[in-house]
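Take a look at the structure set out below.
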Amino acid sequence: QCEEAAYEERRYPAGKWACVTKGEPMYEQSISMSFMKLMRYICKENSVGCYLGMTVPVLNEIHLTQEGTGLEREVVTAYYLPGEFQQNPPVPMDPEIHITERAPLRVITRVFYGMTTEETILREISLLWELLGSTDAVLRETYIVAAYENPSVPQRRNEIWFICRA
């Protein structure tokens with residue numbers, strides 16, 4: 001059959017990311033504020049004083065509440081540093097931006113389109129769990145929302161990532 005796969009498994013290499021953690025009342029506020037900080041870093045507010053170049057996806061690491069019915073307030077938004085800055089990342093002017101070395105990652109991922117709100121994310125997590133069935137191969141409390149386009153794009157492409165256990 002030529003149907004599109006419901007989900008796929010992918011591997012990402014280790015690398016350096018610029019990260020901002022925010023815990024605003026709404027998920028959308030956290031990612032919006034964090035992304036604006038990262039954009040200023042990418043555009044000029046860094047130790048080399050120049051545009052670093054945009055990479056995609058921008059990742060938003062989320063955690064479910066203990067009951068599993070909502071998202072924790074704290075969201076980590078992460079921008080992958082372009083190849084030429086991996087060895088020697090420019091220092092952010094903003095003290096809220098941290099450069100982090102992330103380990104290699106293996107994920108189960110599924111595409112979805114449109115706005116990313118707490119409601120749509122919880123629905124996507126639930127859908128992917130339905131497709132996967134019962135498994136202990138992935139983490140149950142930490143997920144990643146990967147954004148590939150500007151938030152102003154109405155039907156922007158996103159993915160929900162389930163993180164595979166090592």
Side-chain angles (χ1 to χ4, degrees), residues 10 12 14-82 85-86 89-105 107-129 138-164:
R10 267 193 235 134
Y12 290 92
K16 292 193 175 79
W17 295 74
C19 301
V20 177
T21 303
K22 285 277 179 204
E24 299 303 316
M26 289 173 65
Y27 170 82
E28 300 91 317
Q29 293 171 308
S30 292
I31 63 167
S32 173
M33 291 171 77
S34 293
F35 186 71
M36 291 316 294
K37 285 179 167 291
L38 290 170
M39 277 312 294
R40 286 193 291 275
Y41 169 68
I42 293 164
C43 287
K44 205 173 184 150
E45 292 181 16
N46 57 62
S47 59
V48 292
C50 68
Y51 178 67
L52 305 179
M54 193 62 209
T55 61
V56 291
V58 170
L59 305 183
N60 295 292
E61 188 176 298
I62 56 171
H63 303 274
L64 289 186
T65 55
Q66 256 181 319
E67 311 76 54
T69 55
L71 301 181
E72 292 281 350
R73 294 287 59 110
E74 214 162 76
V75 179
V76 178
T77 300
Y79 151 79
Y80 184 78
L81 288 155
F85 300 112
Q86 279 293 314
V91 177
M93 300 301 182
D94 186 330
E96 283 189 52
I97 299 173
H98 301 281
I99 306 300
T100 308
E101 172 85 37
R102 295 190 121 187
L105 196 59
V107 297
I108 305 287
T109 175
R110 183 177 190 296
V111 175
F112 68 100
Y113 295 90
M115 296 292 292
T116 54
T117 62
E118 182 164 351
E119 187 184 349
T120 61
I121 291 165
L122 290 170
R123 185 173 63 237
E124 292 302 323
I125 289 172
S126 177
L127 276 168
L128 189 46
W129 272 118
V138 295
L139 302 180
R140 287 194 168 268
E141 54 287 329
T142 303
Y143 300 90
I144 293 174
V145 178
Y148 286 85
E149 293 164 307
N150 184 310
S152 64
V153 174
Q155 280 301 310
R156 73 178 177 160
R157 176 178 170 225
N158 308 290
E159 292 174 343
I160 189 73
W161 290 5
F162 283 21
I163 302 164
C164 297

Between [X] (side chain only) and [Y] (backbone N and O only), is there a donor and an acceptor less than 3.5 Å apart?
| X | Y | result |
| --- | --- | --- |
| Lys16 | Gln86 | yes |
| Asn158 | Val145 | no |
| Thr65 | Gly70 | yes |
| Ser126 | Leu122 | no |

Pairs touching residues 17-61 that satisfy ring-ring contact (aromatic ring centres under 6.0 Å, His included), sequence neighbours left out: Trp17-Tyr80
Is the count of non-hydrogen atoms from other residues, nucleotides or ligands lying under 6.0 Å from [X] atom [atom1] greater than 12?
| X | atom1 | value |
| --- | --- | --- |
| Met39 | CE | yes |
| Met115 | CE | no |
| Glu72 | CD | yes |

Test side chain to side chain contact (heavy atoms under 4.5 Å, CB included) applied to Ala14 - qualifying residues, sequence neighbours left out: Glu101, Pro104
Residues forming a side chain to side chain contact (heavy atoms under 4.5 Å, CB included) with Gln66, sequence neighbours excluded: none
[X]: which residues meet the side-chain hydrogen bond (donor to acceptor under 3.5 Å, both in side chains) condition with it, sequence neighbours left out?
| X | result |
| --- | --- |
| Glu118 | Arg73 |
| Thr77 | Asn60 |
| His63 | Thr142 |

Hey, what's the ring geometry for Tyr12 with Trp161, parallel, tilted or perpendicular (30° and 60° as the breaks)? parallel
Taking the side chain as C-beta and beyond, is there a heavy-atom pair between [X] and [Y] under 4.5 Å?
| X | Y | answer |
| --- | --- | --- |
| Ile163 | Val138 | no |
| Val75 | Thr21 | no |
| Asn46 | Val91 | no |
| Val107 | Cys164 | no |

Take Val20 and Val76, measure what side chain to side chain contact (heavy atoms under 4.5 Å, CB included) needs, and give me the verdict at the end. CA-CA 6 Å; Val20 177; Val76 178; over 6 Å; no
How close do [X] and [Y] get, heavy atom to heavy atom, and via which atoms?
| X | Y | answer |
| --- | --- | --- |
| Gly53 | Ile42 | O-CG2, 3.9 Å |
| Cys19 | Leu38 | N-CD2, 4.4 Å |
| Ile160 | Phe112 | N-CE2, 3.7 Å |
| Thr55 | Pro82 | CG2-CG, 3.9 Å |

What pairs with Tyr148 under ring pair (Phe, Tyr, Trp, His ring centres under 6.0 Å), at least two apart in sequence or on another chain? none
Tell me every residue that passes ring pair (Phe, Tyr, Trp, His ring centres under 6.0 Å) with Tyr79, counting only those two or more places apart in sequence or in another chain. none
Inter-residue atom distance [X].[atom1] - [Y].[atom2], 0.5 Å rounding:
| X | Y | atom1 | atom2 | value |
| --- | --- | --- | --- | --- |
| Leu128 | Arg110 | CG | CZ | 7.0 Å |
| Ile121 | Ile144 | CD1 | CD1 | 12.0 Å |
| Phe162 | Glu124 | CZ | CD | 9.5 Å |
| Arg10 | Leu105 | CZ | CG | 11.0 Å |

Determine, step by step, whether Glu74 and Lys22 satisfy the salt bridge (Lys or Arg N to Asp or Glu O under 4.0 Å) criterion, reporting the C-alpha distance in whole Å, the side-chain angles of both residues, the deciding distance to 0.1 Å, and the verdict. CA-CA 5 Å; Glu74 214 162 76; Lys22 285 277 179 204; over 6 Å; no
Only pairs at least two apart or in different chains count here, so list each salt bridge (charged side-chain N to carboxylate O under 4.0 Å, His left out) that has a residue in [range].
| range | value |
| --- | --- |
| residues 138-158 | Arg157-Glu159 |
| residues 52-62 | Glu61-Arg102 |
| residues 28-57 | Lys37-Asp94, Lys37-Glu96 |

